[in-house]
Amino acid sequence: MTDLLVVGANGQVGWEVSRQAQSAGLACRSLSRGELDITNRDLVLRTIEQIRPLVVVNGAAYTAVDKAESDSDTAYAVNRDGAKFLAEACAAVGALIIHLSTDYVFDGSKGSPYKESDPAAPLGVYGASKLAGEHSVRAHCPKHVILRTSWIYGVHGHNFVRTMLRLGRVRDSLRVVDDQLGSPTFAGDLGRAIMKLVLDLRGGAWPTDGFGTFHCAAQGTTTWCGFAREIFAQTARSTVVEAIATKDYPTPARRPAYSVLDCSKIARVHRVALSSWQVALADTLKELRSGNSQFMGTSFSAEVLR
Ligand SMILES: NC(=O)c1ccc[n+]([C@@H]2O[C@H](COP(=O)([O-])OP(=O)(O)OC[C@H]3O[C@@H](n4cnc5c(N)ncnc54)[C@H](OP(=O)(O)O)[C@@H]3O)[C@@H](O)[C@H]2O)c1
């Protein structure tokens with residue numbers, strides 16, 4: 001039997017889940033967008049009916065927060081409708097769906113860590129389409145885990161850490177916003193958390209209250225400016241990071257000024273706690289430096305760190 005099907009397997013989280021499933025010896029199928037477009041309902045239903053996995057991890061999403069403002073049809077097609085088709089297909093074969101969602105479902109006005117029960121009020125199309133995806137998953141598959149996370153980075157894919165490292169090679173100074181607070185979360189840590197859920201389900205150690213919505217992000221908080229400074233401090237770079245306000249860096253999408261997630265529910269129910277963002281960043285930089293991040297025919301050299 002197939003333990004795990006990963007869709008959106010070429011994304012940051014999908015790639016990590018696939019690589020860790022392989023290391024854990026799970027029977028795992030990983031499908032990229034080219035192999036399974038989740039907006040194709042018939043294909044989604046047929047594929048999951050054929051594979052009949054124990055668990056489906058949905059790593060597929062429209063994640064371009066600014067572009068979504070002018071491309072809302074595509075954002076909703078992937079984040080709402082694609083999630084719905086996967087949930088329907090999982091329900092039909094009795095699979096658990098693990099669906100990723102975002103801190104951007106909140107408007108940032110709370111000022112203290114958001115709990116799962118806090119009302120969502122997205123500020124932009126991306127957050128609204130992800131919230132609609134959550135509703136679809138809840139409505140169509142009772143065996144679901146929705147993991148809301150934040151500010152993802154990793155060794156694979158496009159992200160803030162790799163962008164800072166690239167810019168730091170060619171610029172002496174950078175201006176980065178310092179009035180949005182959140183928790184940078186390592187995709188590898190999310191991969192490990194998801195692996196624990198899959199292994200618990202497979203091993204019959206699933207908690208009675210294990211389904212539902214959970215916040216799952218790194219411990220600790222910072223701003224994008226604080227994050228950038230830490231990246232340069234940990235790589236011994238002299239790049240100067242100037243703190244600026246969001247209003248001085250206009251973007252098409254509004255972002256929450258505060259999107260820290262309270263992750264105590266997943267710690268209590270599933271015994272999952274991610275490491276602090278600084279420790280996880282150090283692990284990521286170490287892996288990038290080692291050039292060992294090879295998986296699925298992709299290799300990442302230490303080039304970005306030079
Ligand atoms: N990135 C963040 O900072 C962040 C923060 C909070 C929550 N999240 C959520 O966490 C999850 C994973 O994020 P991530 O950073 O791993 O995303 P990512 O790196 O942008 O990967 C998303 C993947 O989805 C694929 N995809 C897009 N449309 C698809 C479709 N129609 N069918 C199948 N695959 C499709 C993309 O394919 P291509 O490779 O072909 O583009 C990409 O590989 C998402 O649900 C996201 O909303 C992300």
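Along the sequence shown, residues are numbered consecutively beginning with 1. Read the numbers this way: they start at 1 and go in the same order the structure lists the ligands and their atoms. FYI, side chains are in, hydrogens and waters are out, and symmetry mates aren't considered; it's all heavy atoms of this structure.
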**Q** Which atoms of ligand 1 are found less than 4.0 Å from any heavy atom of Thr39?
**A**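 Ligand 1 atoms under the 4.0 Å threshold to Thr39: 31 (N).
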**Q** Within the supplied structure, the quantity of interest is the number of heavy atoms (other residues, nucleotides, ligands) at a distance under 6.0 Å from Lys67 NZ; does it exceed 12?
**A**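 No - once you tally the heavy atoms of other residues, nucleotides and ligands closer than 6.0 Å, there are 12 at most.
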**Q** Does Asp37 come within less than 4.0 angstrom of ligand 1, counting non-hydrogen atoms of the residue?
**A**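 Yes, Asp37 has a heavy atom closer than 4.0 Å to ligand 1.
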**Q** Please state which part of His158 comes within less than 4.0 Å of ligand 1, counting heavy atoms only: side chain, backbone, both or neither.
**A**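 It is neither part, as no heavy atom is under 4.0 Å.
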**Q** Looking only at protein heavy atoms, which one is nearest to atom 19 (O) of ligand 1, and how far off is it?
**A**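 Of the protein heavy atoms, Gln12 N, 3.0 Å lies nearest.
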**Q** Is ligand 1 under 4.0 Å from a heavy atom in the side chain of Thr63, in the backbone, in both, or in neither?
**A**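 Side chain only; the backbone of Thr63 stays clear of ligand 1.
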**Q** Would you check whether Tyr153 reaches within less than 4.0 Å of ligand 1, judged by its heavy atoms?
**A**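 It does not, in that no heavy atom of Tyr153 comes within the 4.0 Å cut-off of ligand 1.
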**Q** Give the contacting part of Ala9 toward ligand 1: side chain, backbone, both or neither, where contact means a heavy-atom distance below 4.0 Å.
**A**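 Looking at Ala9 and ligand 1, no heavy atom falls under 4.0 Å.
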**Q** Does only the side chain of Trp151 get under 4.0 Å from ligand 1, or the backbone, or both, or neither? Count heavy atoms.
**A**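 The answer is the backbone of Trp151.
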**Q** Counting only heavy atoms closer than 4.0 Å, does ligand 1 sit against the backbone of Phe85, its side chain, both, or neither?
**A**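 The answer is neither; Phe85 stays 4.0 Å or more away.
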**Q** Between Leu36 and ligand 1, which part of the residue brings a heavy atom under 4.0 Å of the ligand: side chain, backbone, both or neither?
**A**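 It is the backbone that gets close, since no side chain atom is under 4.0 Å.
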**Q** Of the backbone atoms (N, CA, C, O) and the side-chain heavy atoms from C-beta on, which set of Ser150 has a member under 4.0 Å from an atom of ligand 1: side chain, backbone, both, or neither?
**A**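 The backbone, only.
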**Q** Does Ser101 come within less than 4.0 angstrom of ligand 1, counting non-hydrogen atoms of the residue?
**A**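 Flag set, Ser101 near ligand 1.
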**Q** For Gly59, take its heavy atoms, then give the atoms of ligand 1 lying under 4.0 Å from any of them.
**A**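 Heavy-atom distances to Gly59 below 4.0 Å select 22 (C), 23 (C), 24 (O).
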**Q** Look only at the side chain of Asp179 and the backbone of Ala245, and say whether a donor-acceptor pair between them is shorter than 3.5 Å.
**A**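 No, Asp179 side chain to Ala245 backbone: no donor-acceptor pair under 3.5 Å.
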**Q** Under the side-chain hydrogen bond (donor to acceptor under 3.5 Å, both in side chains) test, which residues partner Ser264, sequence neighbours left out?
**A**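 With neighbours one apart ignored, the set is Asp262.
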**Q** According to the interplanar angle, ranging from 0 to 90°, do the rings of Phe227 and Trp277 count as parallel (below 30°), tilted (30 to 60°) or perpendicular (above 60°)?
**A**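 Answer is perpendicular, since the angle exceeds 60°.
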